[in-house]
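Owing to the predicted nature of the structure, the values given are computational and were not obtained by experimental measurement. Just so we're on the same page: letters track the sequence lines, and every chain starts at 1.
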Protein chains: 2
Amino acid sequence: MEDVAELAGVSAMTVSRVLNAPEKVRPETRARVLAAVRELDYRPNSAARVLVTGRSGVLGVVCFDTTLYGPASTLFGIEQAARDSDYLVSIASLPALNRSWITRGIDRLRSQSVDGVIVVAPHESAAEGLRHLPPGLPVVDVGGGTDLPVPVAAVDQYAGAARATRHLLSLGHRTVWHLSGPPNWIDASGRVAGWRSALEAEGREVPEPLVGDWTAHSGYEIGKRLAREPDVTAIFVANDHMAMGVLRALRETGRRVPEDVSVVGFDDVPEAAYFWPPLTTVRQNFGEVGRQAFQLLLDRIAGVEGEARRMVEPELVVRESTGISP
Amino acid sequence: MEDVAELAGVSAMTVSRVLNAPEKVRPETRARVLAAVRELDYRPNSAARVLVTGRSGVLGVVCFDTTLYGPASTLFGIEQAARDSDYLVSIASLPALNRSWITRGIDRLRSQSVDGVIVVAPHESAAEGLRHLPPGLPVVDVGGGTDLPVPVAAVDQYAGAARATRHLLSLGHRTVWHLSGPPNWIDASGRVAGWRSALEAEGREVPEPLVGDWTAHSGYEIGKRLAREPDVTAIFVANDHMAMGVLRALRETGRRVPEDVSVVGFDDVPEAAYFWPPLTTVRQNFGEVGRQAFQLLLDRIAGVEGEARRMVEPELVVRESTGISP
DNA sequence: CCAGCTCATGGTATCGCTAACAGGTCCTCG
DNA sequence: CGAGGACCTGTTAGCGATACCATGAGCTGG
């Protein structure tokens, strides 16, 4: 920086100003400094800047498994929003979802002086970790439950599940069975609740939900059980991958979709339209959730308290896996 | 730090040593210092440390689309390896794959003083960007082509494609058609080359490869064309998602898999075993690639030149989408 | 014509840490 | 018994930027 200053015939302080508050420097001086910057290919040292300002321009994301479609898409959305605002994203993935690891993840990021942290861990245990936060660190949660001590951006799982369920009922099905995600996952319980309420609202019988682990494999195994029940004519599955397993199980058992059984998924993964049959599902706009989370974090960093919860509405996408009740 | 030193009755320098070279401090002193550290919940300021040492403990990953299965898995592998070595990962995703954006991505990371960069952009344009690197910055590429000026970790696409093709030939098919990924993607051209060489090695006719864009949609559209050709009895598809589209197109056209047509994919996404029929495919161990890339980078950071290319062998997974020639 | 203001720039201290060297103890060994 | 070395610990000097205050030039208006 000293070199740049010398080449431009100014002091280091002026160089600093050109880079941080250009309007406070006379245009001609500014031009000379910028020319010197280019000439020497000068780049400010962020470490030094962080040391004195306390802000790094880096935000941290704590996440569990970034190979799952949802978290990966959310991360992507966050990263894009961050890029547009000249923020960089550091990630801390967790070997397991529990309070201790979440706390460690946040600490790991904090030790690198991130300006704030977004937690993408839609699991009950996250709430634990979020209850004891280092003071002064802005934190935002994605997909978390209610009454968290931090702002939350999330897809309205409840509404999406209710919508899917009502769609099936409107096709004449007596009731709707549910294959849920693992217990303690916020998304999973939100979908169970939405499904249940939609059934109850119409006075339908509420079957005991079955529990999978998000994988196509579990969908297949549980699907085989469901396929044997002649009562079952409509299934709301908590995500598309499990729905894929269910579809295969139904087919192997000789039950046709949608003629004998209707199936709805959740997520709308890009391949859902090419399942056999193309899957009716609930689309989550993960990218939007990521952007909203980033915006919330930006507000918190700026000291704005603002609203604490941003809900993104999911959308029912009707394809060919649902049809009128047999 | 000063406070810790005072509480422990030592100088700041000794505190620093306890944290960075514990063996150089007498055990009892060390214990006193550590006690003081805990007592005050002291955490070293990484910015100050970076400023003086020049090393940050952060590595950067430049990547294109982290919602794709391959890149996401690779990123995950890198992150896990990094975590085990107490490194943090910052990501810079690119809005488009070309030289300029790659350069900008690397610059963005460099400006945050990362210790090194891993580029996950298996596209020809990446090579351009890697040819003009800031001197002194350790860089490793994932999945890149040959003769790059940096070390590369990659799955052996050529071998995997050849294996898939030979599998189909061994089932009695006269030749094998290929639905490739987009041109200029390194993976895509590696698979084309492996497929072609396997056919030529046995003196088979080499059909003109068809070109998709990795999506199930493109697989479906092109699959419809292939399905109309009675000659086509074996198709090697460049990834699982396109293979899914092909499977659907074949089914809609009334061609049975594997009785009439055999299909092989590439990737082995977790759902591949639940396609209809379960997909024979080539498994890529992305996690291992990520680990290898991280290791290469660690070597480069340490100044070790070492080997420049680490190949991970893919594995053919035979399921039910392939059968003997009709 | 000068007080008083604005505007652009510079000087200095400081952020929190570690490299490099200096100094002090205590032991070893000829 | 004293020189020399091993082993700890402390002192000093930055790393590269910005915050804060000071300074001086040029303008305005009574």
ask   = Just to confirm, is there a sub-4.0 Å distance from OP1 or OP2 of C:dT9 to any side-chain nitrogen or oxygen of A:T14?
value =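 A:T14 to C:dT9 OP1/OP2: no side-chain N or O under 4.0 Å.
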Round to the nearest Å and state the distance from [X] atom [atom1] to [N] atom [atom2].
X     : N      : atom1 : atom2 : value
A:M13 : C:dT12 : CE    : P     : 14 Å
B:M1  : D:dT11 : CE    : P     : 13 Å
A:R26 : C:dG10 : CZ    : P     : 10 Å
B:R55 : C:dA19 : CZ    : C1'   : 15 Å
A:R17 : C:dG10 : CZ    : P     : 8 Å
B:L19 : C:dT18 : CG    : P     : 7 Å
B:L51 : C:dA19 : CG    : C1'   : 13 Å
A:K24 : C:dT6  : NZ    : P     : 14 Å

ask   = Angle, rounded to 10°, between the helical axes spanning five pairs at each terminus of the helix from C:dC1-D:dG30 to C:dG30-D:dC1?
value =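 About 40°, once rounded to a multiple of 10°.
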Short N-O contact, [X] and [Y], less than 4.0 angstrom:
X      : Y      : value
B:D115 : B:R300 : no
A:R110 : A:D107 : yes
A:R310 : A:D299 : yes
B:R108 : A:E79  : yes

message = Quick check: closest heavy atoms across A:V61 and A:I78, and the distance to 0.1 Å?
response =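 Scanning both residues, the minimum pair turns out to be CG2-CG2, 4.1 Å.
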task = Run the ring-centre check on A:F286 versus A:Y69 and record whether the distance is less than 6.0 Å.
result =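 Here the rings of A:Y69 and A:F286 have centres that are less than 6.0 Å from each other.
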request  = Give, ordered by number, those residues of residues 33-50 of chain A having at least one heavy-atom distance below 4.0 Å to an atom of DNA chain C; if nothing qualifies, reply none.
outcome  =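 Within this stretch, nothing sits under 4.0 Å of the strand.
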query = Can any side-chain N or O of A:T29 pair as donor or acceptor with the backbone N or O of A:V25 at less than 3.5 Å?
reply =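 Not confirmed, A:T29 side chain does not pair with A:V25 backbone.
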ask   = For the side chain of A:T67 and the backbone of B:S73, is there at least one donor-acceptor N/O pair under 3.5 Å apart?
value =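 Between the backbone of B:S73 and the side chain of A:T67 there is no qualifying donor-acceptor contact (under 3.5 Å).
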query = Pick the nucleotide of DNA chain D nearest each of B:V52 and B:T29; which residue has the one closer to the 5' end?
reply =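 Nearest-nucleotide comparison on DNA chain D picks B:T29.
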task = Take atom CD of B:E6 as the centre, draw a 6.0 Å sphere, and report whether it contains more than 12 heavy atoms from other residues, nucleotides or ligands.
result =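 No, CD of B:E6 has 12 or fewer neighbouring heavy atoms, counting only those of other groups under 6.0 Å.
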